[in-house]
Amino acid sequence: LGMFSELKFPVPWGHVAAKAWGPSEGHPVLCLHGWLDNANTFDKLIPLLPRGCYYVAMDFSGHGLSSHRPAGCLYHFLDYVTDVRRVAAALQWRRFTLMGHSMGKFSFSYCFISPQFSFLYPEMVDKLILLESLGFLLAPEDTETWLKSKRRVIDRLLSLEAKQQTPKARSPEAALQRLLEANSHLTAEGGAILLQRGATETPAG
């Protein structure tokens, strides 16, 4: 398992990079690095682990060889959880082992990325391995609300990204009609005023 390959997964702001060891047909194991680290944190560990598994260690956005998020964007813990979901989707992994190293001493919420993903998507994780980390605990009365709201945010975001298409070109009249249909409170005059600044003219419309 000493040899590895480099992987790149496209995301809206660039790519998420990763390193992979072992046979691609092996049991999938996704490895998550710790606070301000990168995928190289697993270089010494992976060769000591069971052969026959396919280990993928990703660089979180803004770490290692992964693209930084656009200037001015925050790096919230839920964004890192979403990165994990994106990589799993790109790998077409429906069920895998998740191995996470602490994201932890400097930011309490960051040490919970692996447990949070497992909590949000339990059907995708067959085993959770935590290195220098803790489990993820919520008050019982908060569990269901947290689960539904956070998972809904991630799933809607990824669904929207998957549907991204080149915007349709419309005539000014058709664009105004579309705007009025979507906003019943607008008058034709108000819609036309908004379209002056809210639409871009191209050769196609």
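All values reported here derive from a predicted model rather than from experimental measurement.
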- Checking side chain to side chain contact (heavy atoms under 4.5 Å, CB included) for the pair M58/D83: CA distance, chi angles, key distance, verdict? CA-CA 9 Å; M58 57 182 282; D83 282 352; 3.8 Å; yes
Quick one: do [X] and [Y] end up in the same hydrophobic cluster if we chain Ile, Leu, Val, Met, Phe, Trp and Tyr together by side-chain heavy atoms under 4.5 Å apart?
{"X": "V125", "Y": "F77", "value": "yes"}
{"X": "L157", "Y": "Y75", "value": "no"}
{"X": "I193", "Y": "L186", "value": "no"}
{"X": "L65", "Y": "F9", "value": "no"}

- Message: With a 6.0 Å cut-off (strictly less than), is the heavy-atom count around CD of E181, excluding the residue itself, greater than 12?
- Response: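 More than 12 within 6.0 Å, yes.
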- Task: With side chain to side chain contact (heavy atoms under 4.5 Å, CB included) as the test, would you mind laying out the steps for M124 and L98 before giving the verdict?
- Result: CA-CA 9 Å; M124 297 185 71; L98 193 57; over 6 Å; no
- Item | Chi angles and distances behind the side chain to side chain contact (heavy atoms under 4.5 Å, CB included) call for E173, Q177 | CA-CA 6 Å; E173 296 76 20; Q177 184 62 32; over 6 Å; no
Does some side-chain heavy atom of [Y] sit less than 4.5 Å from a side-chain heavy atom of [X]?
{"X": "V56", "Y": "L7", "answer": "yes"}
{"X": "L131", "Y": "M99", "answer": "yes"}
{"X": "F42", "Y": "P47", "answer": "no"}
{"X": "Y54", "Y": "E25", "answer": "no"}
{"X": "L158", "Y": "E161", "answer": "yes"}
{"X": "S67", "Y": "V11", "answer": "no"}
{"X": "T97", "Y": "H27", "answer": "yes"}

- Message: Taking the basic N atoms (NZ, or NE/NH1/NH2) and the acidic carboxylate oxygens, is any pair closer than 4.0 Å for D59 and K8?
- Response: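 Judged by the 4.0 Å cut-off on N to carboxylate O distance, D59 and K8 do not form a salt bridge.
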- Message: Whether R94 and E123 form a salt bridge (side-chain N of Lys/Arg under 4.0 Å from carboxylate O of Asp/Glu) is what I want to check.
- Response: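 Salt bridge between E123 and R94, a charged N being under 4.0 Å from a carboxylate O: no.
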Nearest heavy atoms of [X] and [Y], plus distance in Å:
{"X": "L195", "Y": "P172", "result": "CD1-O, 4.3 Å"}
{"X": "A39", "Y": "A57", "result": "CB-O, 3.3 Å"}
{"X": "K19", "Y": "D43", "result": "NZ-OD1, 2.7 Å"}

At what distance, to the nearest 0.5 angstrom, does [atom1] of [X] lie from [atom2] of [Y]?
{"X": "S118", "Y": "L130", "atom1": "OG", "atom2": "CG", "answer": "7.5 Å"}
{"X": "R151", "Y": "F117", "atom1": "CZ", "atom2": "CZ", "answer": "8.5 Å"}
{"X": "I46", "Y": "C53", "atom1": "CD1", "atom2": "SG", "answer": "9.5 Å"}
{"X": "L32", "Y": "Y80", "atom1": "CG", "atom2": "OH", "answer": "12.0 Å"}
{"X": "L120", "Y": "K150", "atom1": "CG", "atom2": "NZ", "answer": "8.5 Å"}
{"X": "T82", "Y": "F60", "atom1": "OG1", "atom2": "CZ", "answer": "10.5 Å"}

- Audit row: W13, S61, side chain to side chain contact (heavy atoms under 4.5 Å, CB included) steps and yes/no: CA-CA 9 Å; W13 57 92; S61 296; 3.2 Å; yes
- Query: Do side-chain atoms of D79 reach the backbone of H76 as a donor and acceptor pair under 3.5 angstrom?
  - Reply: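 Pair found, side chain donor or acceptor close to backbone of H76.
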- Message: In terms of relative ring orientation, are W93 and F96 parallel, tilted or perpendicular, with 30° and 60° separating the classes?
- Response: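 If you compare the ring of W93 with that of F96, the planes turn out tilted.
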- Cut-off 3.5 Å, side chains only: do H33 and N40 have a donor facing an acceptor?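 No pair is found: no donor N or O on one side chain lies under 3.5 Å from an acceptor on the other.
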- Verify whether one side chain among T41 and H101 offers a donor that lies under 3.5 Å from an acceptor in the other.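 Side-chain D/A pair, T41 to H101: absent.
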- Within 45° cone and under 6.0 Å: R85 NZ/CZ vs Y121 ring: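 The answer is yes, since R85 meets both limits relative to Y121.
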